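Everything numeric in this text was worked out from a predicted model, so none of it was measured. The first residue of the sequence shown is numbered 1, and numbering continues consecutively from there.
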Amino acid sequence: MKILVTGGAGYIGSHTCVELLNRGMEVVVIDNLVNSSAKSLERVRQITGKSLEFYQKDVRDRAALDEIFDKHDINCVIHFAGLKAVGESVTMPLEYYDNNLYSTVILAEAMRDHGVKNIVFSSSATVYSADNTVPLKESSKTGMCTNPYGWTKYMNEQILRDSAKAIDDWSVVLLRYFNPIGAHSSGLIGEDPRGVPNNLMPYISQVAVGRRDHLNVFGNDYDTHDGTGVRDYIHVVDLARGHVAAIEYMQTHRGESVFNLGTGTGYSVLDMVHAFERVTGKKVPYEIVARRPGDIGTVYASPDKSAELLGWKAQYGLDEMCRDTWAWQSKNPMGYGE
């Protein structure tokens, strides 16, 4: 089976490429490297001892997609490519709508025209409405998103859902991620954000390795046990394996399916800081600052449907998430830029 992975050089994409190759699948990657590095794919080859094809192109480039689909007998697409920072999307909404929505439309058109009928979409817990109770289930209310990033995921789900209804024999699996952290246990690949990290764990690890003076904690007045935001953190390798499970599932299930990929356990920002300090022995100084636009207090998943239908369940706990994050960051203090 040959899989096209859009955004495959990125954080989640590179870890998913490892899992796909380890399962004996062939991998073709398209990535414009705006928020990623080709070095991640070199290290994917190093980890697996296997090769993959890479095209440094933009998914919005229809001619590039046609070239790939003409050259390769693609069986399934995993669509990661997109801008992904909640806070940045609030200040750059037009860039997010252009990049994230247009790329999906172009990709879906190319798939339709080349007879490729399977797609796994990288969605997000941000599609859920803020007024839901937790844990969030796949049947929980969606929409009324609190930021443009969430709206792009919500709209992309609808684009693909409508396509699955309209195009014969299409299979669409929407995977709603919660908060991926950690890295491959080798420390060879991991999260390497450009500029100031928008996500918690890379910020913590950059403070621990000396790249930053302290962590900014955005708000301590949420209705949580310590006032800081609570999230469902999941090891990126568990998340990557969820995509393999989705590909296997869609072979016998046509139409549209949606699954949460999370652990079902929520940890606060300060819980994460203290766990990282305990596991690594590194001190992480922090300061409390104002809330970030678009953030809400508590978000965690019900992963029951994924366990029942995909046969998937997160295997790694918080200690492994912190351990593997530090393995990556300590071996690559400047990320792939060294």
Would you please say whether a donor-acceptor pair under 3.5 Å links the side chains of H184 and D324? no
Donor + acceptor pair across side chains of D232, T263 (<3.5 Å): yes
Start with the C-alpha gap between H15 and F80, add the side-chain angles, then the distance that decides, and say whether ring pair (Phe, Tyr, Trp, His ring centres under 6.0 Å) holds. CA-CA 12 Å; H15 286 82; F80 294 110; over 10 Å; no
Side-chain ion pair, D304 and K137, N-O less than 4.0 Å: no
Under the side chain to side chain donor-acceptor pair (under 3.5 Å) rule, collect the residues that match up with N118, sequence neighbours excluded. R254
Hey, are R43 and N332 close enough side-chain-wise for a donor-acceptor pair under 3.5 Å? yes
Set of ring-ring contact (aromatic ring centres under 6.0 Å, His included) partners for Y128, sequence neighbours left out: none
Going through the checks in order, is the side-chain contact (heavy atoms from CB on, under 4.5 Å) test met by V120 and H79? CA-CA 6 Å; V120 178; H79 184 28; over 6 Å; no
Answer yes when D271 and R231 have at least one side-chain N-carboxylate O distance shorter than 4.0 Å, and no when they do not. no
Decide, yes or no, whether a salt bridge links E248 with R23 under the criterion of side-chain N to carboxylate O below 4.0 Å. yes
Checking side-chain polar atoms at under 3.5 Å, does D31 have a donor or acceptor matched by the opposite partner on S36? yes
Test the R212-Y203 pair against the cation-pi criterion, namely NZ or CZ under 6.0 angstrom from the six-membered ring centroid and within 45° of the ring axis. yes
Nearest 0.5 Å, what's the CG-CZ distance between L175 and F178? 11.5 Å
Using the six-membered ring of Y222, assess whether NZ or CZ of R291 lies under 6.0 Å from its centre and within 45 degrees of the ring axis. yes
Test: R292 cationic atom under 6.0 Å from F218 six-membered ring centre, within 45° of axis: yes
Give, for atom CE of M25 and atom CD of E19, the distance between the pair rounded to the nearest 0.5 Å. 10.5 Å
Do E157 and R176 meet the salt-bridge criterion of a basic N to acidic O distance under 4.0 Å? yes
Charged N to carboxylate O under 4.0 angstrom, E277 versus K282? no
Flag the pair R161 and E256 as a salt bridge only when some basic side-chain nitrogen lies within less than 4.0 angstrom of an acidic carboxylate oxygen. yes
Is it the case that Y267 and H274 place a side-chain donor and acceptor less than 3.5 Å from each other? no
Between the NE2 atom in H235 and the CG atom in N179, the distance rounded to the nearest 0.5 Å is 14.5 Å
Is the Lys NZ or Arg CZ of K39 less than 6.0 Å from the centre of Y336's six-membered ring, within 45° of the axis? no
Do R60 and D98 meet the salt-bridge criterion of a basic N to acidic O distance under 4.0 Å? yes
Sorted by chain and residue number, the side chain to side chain donor-acceptor pair (under 3.5 Å) partners of Y96 (sequence neighbours excluded) come out as E88
